[in-house]
Amino acid sequence: MGCRVTKSNQVQLKPCDRGNISVPAAATAMRAALLIQRWYRQYVARLEMRRRCTWNIFQSIEYSGQQDHIKLYNFFSYLMDHFSSANSQRNLVSQMFGESDPFQDAEWEKHFCYKDIEVPDVYTGPHLSFPLTISSVTELVDAFKNKQKLHARYVLQLLGKTWTLLRLMPNISHVCTCKHKEITICGDLHGHLEDLLLIFYKNGFPSAEAPYVFNGDFVDRGKESMEILLVLFAFLLLYPHDVHLNRGNHEDHIVNLRYGFTKEVLGKYQVHGKMILKLLQKIFSWLPLATVIDQKVLILHGGISDKTDLNVITKLDRHRFVSALRPLKRRGAWATRKEADDDFGSGRRRVQSLTHGAPLRLRQELQRHSVHSESGRTGRSVEEELRERRRLAGLSLPSDSDSAEDLEADTVEWKQIVDILWSDPMSQNGCVPNEVRGGGCYWGPDVTQEVLDRHKLQLLIRSHECKQEGYEFCHNGRVLTIFSASNYYDVGSNRGAYIRLGPDLIPHFKQFQASRSTRELTLRQSVGRTERSAFQALRMQLFAHKSALIREFQEYDPQCTGLISVKHWAVAVEKVLCLGLPWRVLRSQLVNSSTQDGTLNYQDWVSQLSVIQPNTEIANTSLLETLYKHHSNLESIFRMIDTDHSGLISFEEFHQTWKLLSSHLQTDISDKAISDLAESIDFNKDGSIDINEFMEAFRLVEHRRAEMEAPPPSPE
């Protein structure tokens with residue numbers, strides 16, 4: 001194959017000779033072809049096995065982190081619920097999670113006023129004027145493509161308009177394909193602006209003729225979450241009836257503290273970042289929860305449970321659930337009617353979605369007009385307009401008689417929201433708590449059939465889970481997962497995809513890979529690259545649990561020989577890390593110290609993990625290991641304590657952070673060790689600690705170690 005045949009060596013066969021080729025030669029050629037085919041199939045199967053194993057590593061570590069975050073938040077909730085107000089830890093947590101809002105909605109509109117913010121002459125980014133036009137939104141997209149930043153004045157103006165519009169939208173959006181050829185449905189984006197731009201390049205911008213549904217998780221993990229939000233909100237304002245945004249589990253300010261969005265906003269908008277975050281917190285709580293297409297296709301972010309009831313979801317007050325990680329806690333008696341008029345629905349069960357409960361004609365009228373046009377024409381303020389619409393819809397204010405009933409209803413509504421934001425499908429029948437993520441549930445095919453049939457639906461489209469091909473069917477084709485962030489775990493780890501759904505309601509998939517370098521890699525190169533990254537992350541996990549691993553190994557080594565069997569090694573590692581991985585299969589990539597009799601020298605293996613030398617200024621070994629093991633939880637607490645978003649915390653706050661963490665972990669860290677650590681990282685000796693410098697210095701140590709440990713690339 002590939003050889004050039006010249007006239008001098010070309011053999012001319014006569015017609016009578018062509019049928020006389022020897023049978024042994026033909027059989028040999030056939031056997032050779034079969035051998036090559038068998039070898040290639042085995043080669044591809046081995047690569048696929050490596051790819052799936054790599055995938056399991058990434059996913060297990062991701063879900064373990066989510067579980068840790070929810071456990072930490074549950075611990076804070078426990079302090080709030082079970083300790084008196086005199087308890088110092090409860091006071092600190094109350095400060096971190098205090099939901100008391102100094103302003104009502106009407107006052108917040110004045111607080112978020114952008115008019116006093118001047119745009120300097122040296123600003124070269126995009127300028128926005130309202131109402132938006134397609135040219136101004138296109139200019140905004142091009143600016144972000146060229147790595148420009150939108151000025152804080154325009155950011156606050158855009159967010160304020162979005163907040164006003166979202167408050168008029170129902171909990172469940174209804175879309176019809178009768179006047180459209182196709183509707184495009186996108187899954188998680190997670191700050192990957194490159195993926196969103198590629199979707200627009202392939203599929204076109206949203207418009208009245210090309211509607212879109214974006215199914216949550218716009219932010220976190222990626223570095224351009226803010227740009228994605230601004231683009232989506234701009235198109236929402238431009239086409240409010242053709243762009244639909246569902247809330248995801250990452251549209252939650254508590255989750256943002258851990259997964260990067262809070263840090264991103266404060267880094268890009270240092271002066272106005274706090275105000276932007278507060279406004280985004282309100283916007284997230286007002287995002288619709290689901291979308292229904294042609295009364296047949298349900299689109300929501302996470303999933304369902306055996307208790308999911310779309311009628312309940314339609315009526316609940318979604319904006320009260322600012323964070324879905326904790327049930328609502330009522331303050332006691334109902335507010336006065338004046339308070340209710342100023343901020344209708346805040347903490348009150350009976351206040352319904354603005355377009356629910358009204359006659360059909362009125363609902364259509366409310367949905368047809370935007371809040372901007374209505375308030376401008378009547379001369380009323382936005383709040384007056386909202387109250388008037390509530391009066392026309394016949395929505396009443398609550399009384400003081402049924403607080404116990406309301407409390408129970410709050411819990412029911414909270415569980416409905418948690419399930420649709422956090423749940424995952426499973427292959428077995430039934431519905432069980434999602435212990436892997438720490439929130440929501442796992443639901444089976446029987447639950448899918450019951451819920452969809454009860455609501456006369458035929459298909460559930462959800463996101464929330466990264467899939468290698470960007471999409472995946474399950475539950476007899478009635479549940480479809482769509483994920484639009486390619487290269488989610490690492491470059492080459494997965495494709496992104498989006499769906500185009502026409503009047504026949506048959507989904508058509510479009511896959512893509514945003515990174516050009518990934519598209520140029522062979523299958524073996526791509527698998528090798530992601531495999532190295534996955535094992536690097538896994539070694540970091542093993543290193544962080546070094547002491548716990550040694551203790552567990554010693555349980556299987558009563559004679560203190562330093563040797564254990566591979567079986568015991570695998571059992572011990574799983575018991576400590578709880579990642580649900582096939583450790584015996586992974587052993588060849590993780591262990592280089594096996595003996596000839598099949599035992600494993602765990603002392604040598606642990607020493608191989610300890611390739612970093614501890615920082616000489618941090619002499620306390622247990623403190624150092626806690627720092628490595630729980631750095632994400634530690635950073636979450638830091639950012640929760642930093643309520644003014646200055647990026648700095650005092651020595652006392654640093655001390656309280658470590659005490660909270662040690663209480664959560666039920667470990668004993670001495671005051672002296674914490675004080676020594678605080679002094680060692682106070683680089684400029686001003687009595688405060690820069691959170692970013694502290695955490696980034698820690699991550700850089702991890703990165704250097706990871707580079708040292710990464711195996712050399714396999715030859716191609």
Side-chain angles (χ1 to χ4, degrees), residues 57-58 60-61 64-65 67-68 71-72 532-558 560-584 586-595 599-635 658 661-662 664-670 673-674 676-677 680 695 697-711:
I57 293 172
F58 278 131
S60 297
I61 293 175
S64 176
Q67 190 179 101
D68 284 346
K71 285 179 180 177
L72 178 66
R532 287 191 294 274
S533 179
F535 278 104
Q536 171 184 318
L538 191 56
R539 289 187 185 94
M540 299 300 299
Q541 293 285 319
L542 292 166
F543 173 79
H545 294 79
K546 181 179 63 173
S547 296
L549 287 169
I550 291 176
R551 288 193 298 270
E552 197 60 37
F553 292 151
Q554 289 172 345
E555 292 291 324
Y556 296 103
D557 182 25
C560 299
T561 63
L563 301 173
I564 57 173
S565 67
V566 173
K567 175 184 176 181
H568 288 158
W569 171 84
V571 172
V573 172
E574 176 58 30
K575 187 174 181 180
V576 172
L577 267 66
C578 301
L579 293 178
L581 294 173
W583 294 104
R584 299 183 73 171
L586 303 177
R587 178 182 63 86
S588 61
Q589 293 279 358
L590 297 171
V591 178
N592 298 318
S593 54
S594 298
T595 62
T599 58
L600 187 148
N601 189 323
Y602 64 85
Q603 298 284 6
D604 289 349
W605 180 69
V606 170
S607 66
Q608 291 172 14
L609 292 175
S610 308
V611 297
I612 13 182
Q613 296 300 319
N615 189 323
T616 54
E617 297 184 17
I618 306 177
N620 189 295
T621 306
S622 64
L623 189 65
L624 180 67
E625 186 167 332
T626 302
L627 178 61
Y628 275 94
K629 188 175 179 180
H630 301 286
H631 70 282
S632 295
N633 281 342
L634 189 62
E635 182 173 8
W658 276 96
L661 185 62
S662 61
H664 170 56
L665 302 175
Q666 298 181 349
T667 59
D668 185 22
I669 301 175
S670 67
I674 298 174
D676 291 344
L677 176 61
S680 69
M695 300 309 299
F698 169 66
R699 288 192 181 95
L700 287 174
V701 172
E702 287 187 333
H703 183 63
R704 288 198 298 270
R705 174 187 175 276
E707 288 182 340
M708 295 171 64
E709 283 197 336

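Numbers here simply count residues along the sequence, with the first being 1.
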Visitor: Quick one: salt bridge (Lys or Arg N to Asp or Glu O under 4.0 Å) partners of Lys567, sequence neighbours excluded?
Guide: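 Salt bridge (Lys or Arg N to Asp or Glu O under 4.0 Å) check on Lys567 returns nothing, list empty.
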
Visitor: Applying side-chain contact (heavy atoms from CB on, under 4.5 Å) to Leu590 and Val573, what does each step give before you reach the verdict?
Guide: CA-CA 12 Å; Leu590 297 171; Val573 172; over 6 Å; no

Visitor: Can you check whether Leu538 reaches Leu579 side chain to side chain, under 4.5 Å on heavy atoms?
Guide: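 Result yes, sub-4.5 Å side-chain heavy-atom pair found.
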
Visitor: Do any N or O atoms from the side chain of Ser607 and from the backbone of Asp604 form a donor-acceptor pair under 3.5 angstrom?
Guide: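 Indeed, once roles are kept as given, a pair shorter than 3.5 Å links the two residues.
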
Visitor: Could I get the full list of side-chain contact (heavy atoms from CB on, under 4.5 Å) partners for Gln603, not counting sequence neighbours?
Guide: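 If we apply the side-chain contact (heavy atoms from CB on, under 4.5 Å) test to Gln603, skipping adjacent residues, the hits are Asn601.
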
Visitor: Could you measure the distance from the CZ atom of Phe535 to the CE atom of Met540? Nearest 0.5 Å is fine.
Guide: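 Output value for this atom pair is 15.5 Å.
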
Visitor: What's the separation between atom CG in Leu581 and atom CD1 in Ile61, rounded to the nearest 0.5 Å?
Guide: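 One gets 7.5 Å once the value is rounded to the nearest 0.5 Å.
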
Visitor: With under 30° as parallel and over 60° as perpendicular, where do the rings of His568 and Tyr556 fit, or are they tilted in between?
Guide: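 Judged by the thresholds at 30° and 60°, the geometry between His568 and Tyr556 is parallel.
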
Visitor: From Tyr602 OH over to Trp569 CH2, what is the distance, rounded to the nearest 0.5 angstrom?
Guide: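 The CH2 atom of Trp569 is 15.0 Å from OH of Tyr602, to the nearest 0.5 Å.
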
Visitor: Starting at OG of Ser64, measure out to CG of Leu577 and round the result to the nearest 0.5 Å.
Guide: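 These two atoms lie 7.5 Å from each other.
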
Visitor: Taking atom CG of Leu563 and atom CZ of Phe553, what is their separation to the nearest 0.5 Å?
Guide: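 Reported to 0.5 Å precision, the distance equals 12.5 Å.
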
Visitor: Are the side chain of Gln554 and the backbone N or O of Cys560 linked by a donor-acceptor pair below 3.5 Å?
Guide: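 Not confirmed, Gln554 side chain does not pair with Cys560 backbone.
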
Visitor: I want to check something: taking the side chain as every heavy atom from C-beta on, are Leu549 and Trp605 in contact at a cut-off of under 4.5 Å?
Guide: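 In short, these two side chains touch, coming nearer than 4.5 Å.
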
Visitor: Between atom CD of Glu552 and atom CG of Asp557, what is the distance when rounded to the nearest 0.5 Å?
Guide: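 Rounded to the nearest 0.5 Å, the CD-CG separation comes to 12.5 Å.
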
Visitor: Over all heavy atoms of both residues, which pair between Ala570 and Arg584 is shortest? Give the atoms and the distance, please.
Guide: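 Shortest heavy-atom contact: CB-CG, 3.6 Å.
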
